[in-house]
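Shown next, in structure tokens, is the structure this report addresses.
Note that the coordinates shown come from a computational prediction; the quantities given were computed from them, not determined experimentally. In each ligand, atom 1 is the first atom listed, and ligand 1 is the first ligand listed.
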Amino acid sequence: MSNSGLDLVAGGSGFIGSHIVESLLAEGRRVRVLDNLATGHRSNLQGLPVEFVEGDAADPAVAEEACAGVERIFQLAARPSVPWSVEFPAEAEHANHGTTLALLDAASQAGCRALVFSSSSAIYGDDPVQPKVESLPAAPQSPYAEHKLAGERALAAAPESLRTVSLRYFNVYGPRQDPSSPYSGVISLFARWAKAGEGVRFHGDGGQTRDFVYAADVARANLLAAKAAAAGRLAQGAVFNVGTGSSVSITELWQGLCASLGRDSGEPTLLGDRPGDVRHSSADVSAAARELGFEATVPLAEGLGLTLDAIANENA
Ligand SMILES: NC(=O)c1ccc[n+]([C@@H]2O[C@H](COP(=O)([O-])OP(=O)(O)OC[C@H]3O[C@@H](n4cnc5c(N)ncnc54)[C@H](O)[C@@H]3O)[C@@H](O)[C@H]2O)c1
């Protein structure tokens with residue numbers, strides 16, 4: 001069993017992964033990143049002392065190389081896009097589930113202690129019950145959600161020597177979220193539109209609600225989950241929501257961003273519904289508080305301010 005102090009972050013060049021890398025380094029851990037740069041960027045890790053392995057985490061030989069000598073694994077490698085998974089289900093299965101299977105296999109062969117999987121609230125589908133509690137039956141409505149559910153089930157069936165835990169993120173936002181992708185987080189896009197003085201375009205009618213959780217909080221949830229899993233304190237494959245416990249509508253979010261910039265919110269342009277999108281989403285966060293000691297601490301207004309500042313710095 002490895003006690004090397006070395007952690008692997010698969011998908012570590014991406015938005016959330018780079019926040020986990022920062023938090024691990026701040027705790028004095030050594031970090032290896034595995035990423036194929038499909039949606040991630042080397043610049044997200046600029047100046048950070050990490051070992052970088054470029055490759056496809058779904059390739060067993062790459063996964064084996066990346067897991068060698070590693071104590072704990074954070075598995076984020078995926079293409080986090082519902083519409084892309086609807087359009088290209090086979091490629092999406094490779095990126096979203098093949099990665100998890102290859103890493104689970106390589107991790108148990110290499111004697112790693114724990115693997116934390118980045119799952120998604122998309123697993124709850126459009127069940128009207130709010131807030132979503134982990135014991136609700138899964139109701140995936142897209143290939144992306146199916147792949148995340150399959151990943152959770154594979155973690156639950158992993159050999160007991162490798163301790164596993166899945167975190168179902170709600171809507172994560174913060175610095176380094178990629179706005180150039182048409183699928184990227186709504187806050188990142190809205191923040192840029194609001195700053196540029198542009199009008200807003202909504203999918204649906206703007207009445208959809210989401211639980212927005214700041215990326216540094218999500219990174220902290222990962223570190224707590226890794227510690228609890230490695231210490232054997234969690235059931236194998238335990239699943240936890242990661243959110244704030246409160247939700248806002250897309251319209252309220254846009255108005256809040258405009259207000260913080262002192263501009264008028266204007267009239268939205270309404271686009272059609274997106275396939276596989278769910279209408280309401282709010283998290284029950286009591287299990288993560290009880291078993292991981294995790295609570296989100298960054299309020300939305302503060303997180304929005306930090307995100308706007310980061311965008312201003314990029315453009316400075
Ligand atoms: N952003 C959110 O709100 C959110 C919500 C729920 C779940 N998640 C999950 O969190 C994780 C990180 O999401 P993100 O928003 O940071 O997205 P991201 O696209 O910024 O990060 C994903 C990273 O994985 C890498 N990657 C993709 N396929 C790979 C492969 N085959 N091999 C190696 N690397 C690969 C990408 O290059 C990228 O760096 C994903 O698993 C995503 O499904 C995100």
Less than 3.5 Å between some nitrogen or oxygen of [X] and one of ligand 1, yes or no?
X	result
Leu34	no
Ala77	no
Gly40	yes
Gly17	no
Ala95	no
His41	no

Write down the atom of [X], the atom of [Y], and the distance for their closest heavy-atom approach.
X	Y	answer
Cys258	Ser265	SG-CA, 3.7 Å
Leu234	Ala225	CD1-O, 4.1 Å
Thr99	Ala77	OG1-O, 3.2 Å

If the contact criterion is a heavy-atom separation under 4.0 Å, does [X] count as touching ligand 1?
X	result
Tyr173	no
Gly98	no
Asp56	yes
Lys148	yes
Ser119	yes

Where ligand 1 meets [X] - atom numbers and elements under 4.0 angstrom, heavy-atom basis:
X	result
Thr99	30 (C), 31 (N)
Ser13	39 (O)
Gly55	32 (N), 33 (C)
Ala38	37 (O)
Ser118	10 (O), 11 (C), 41 (O)
Gly11	23 (C), 24 (O), 25 (C), 39 (O)

| Taking heavy atoms and a distance under 4.0 Å, where does Leu37 meet ligand 1: side chain, backbone, both or neither? | backbone

| Any idea which part of Val172 is under 4.0 Å from ligand 1, heavy-atom wise: side chain, backbone, both or neither? | both

| remark: side chain to side chain contact (heavy atoms under 4.5 Å, CB included) with Arg32: of Val9, Leu8, Val50, Asp7, only one passes, and it is Leu8

| note | Exactly one of Pro80, Pro83, Ser81, Pro89 clears side chain to side chain contact (heavy atoms under 4.5 Å, CB included) with Tyr144, and that residue is Pro80

To which protein heavy atom is [atom] closest, and what is the distance rounded to 0.1 Å?
atom	result
atom 1 (N) of ligand 1	Ile16 CD1, 3.7 Å
atom 43 (O) of ligand 1	Tyr144 OH, 2.6 Å
atom 38 (C) of ligand 1	Thr39 OG1, 3.2 Å
atom 17 (O) of ligand 1	Pro80 CG, 3.2 Å
atom 32 (N) of ligand 1	Ala57 N, 2.9 Å
atom 21 (O) of ligand 1	Gly14 CA, 3.6 Å
atom 34 (N) of ligand 1	Asn36 N, 3.2 Å
atom 15 (O) of ligand 1	Phe15 CD2, 3.6 Å

Between [X] and [Y], do the side chains contain an N or O donor and an N or O acceptor separated by less than 3.5 Å?
X	Y	result
Thr244	Asp211	yes
Tyr124	Ser281	no
Asp217	Thr297	yes

Check this for me: does any side-chain nitrogen of one of [X] and [Y] sit under 4.0 Å from a carboxylate oxygen of the other?
X	Y	answer
Glu91	Arg79	no
Lys195	Glu198	no
Glu51	Arg30	no
Arg279	Asp205	yes

| task | Can you label the angle between the Trp84 ring and the Phe88 ring as parallel, tilted or perpendicular, going by 30° and 60°? | result | tilted

| request: For the residue pair Phe202 and Phe190, categorise the inter-ring angle as parallel (less than 30°), tilted (30 to 60°) or perpendicular (more than 60°). | output: tilted

| request: Any chance you could measure Ser121, atom OG, to Leu167, atom CG, to the nearest 0.5 Å? | output: 12.5 Å

| said: Counting the benzene-type ring for Trp, do Phe170 and Phe212 have ring centres under 6.0 Å apart? | reply: no

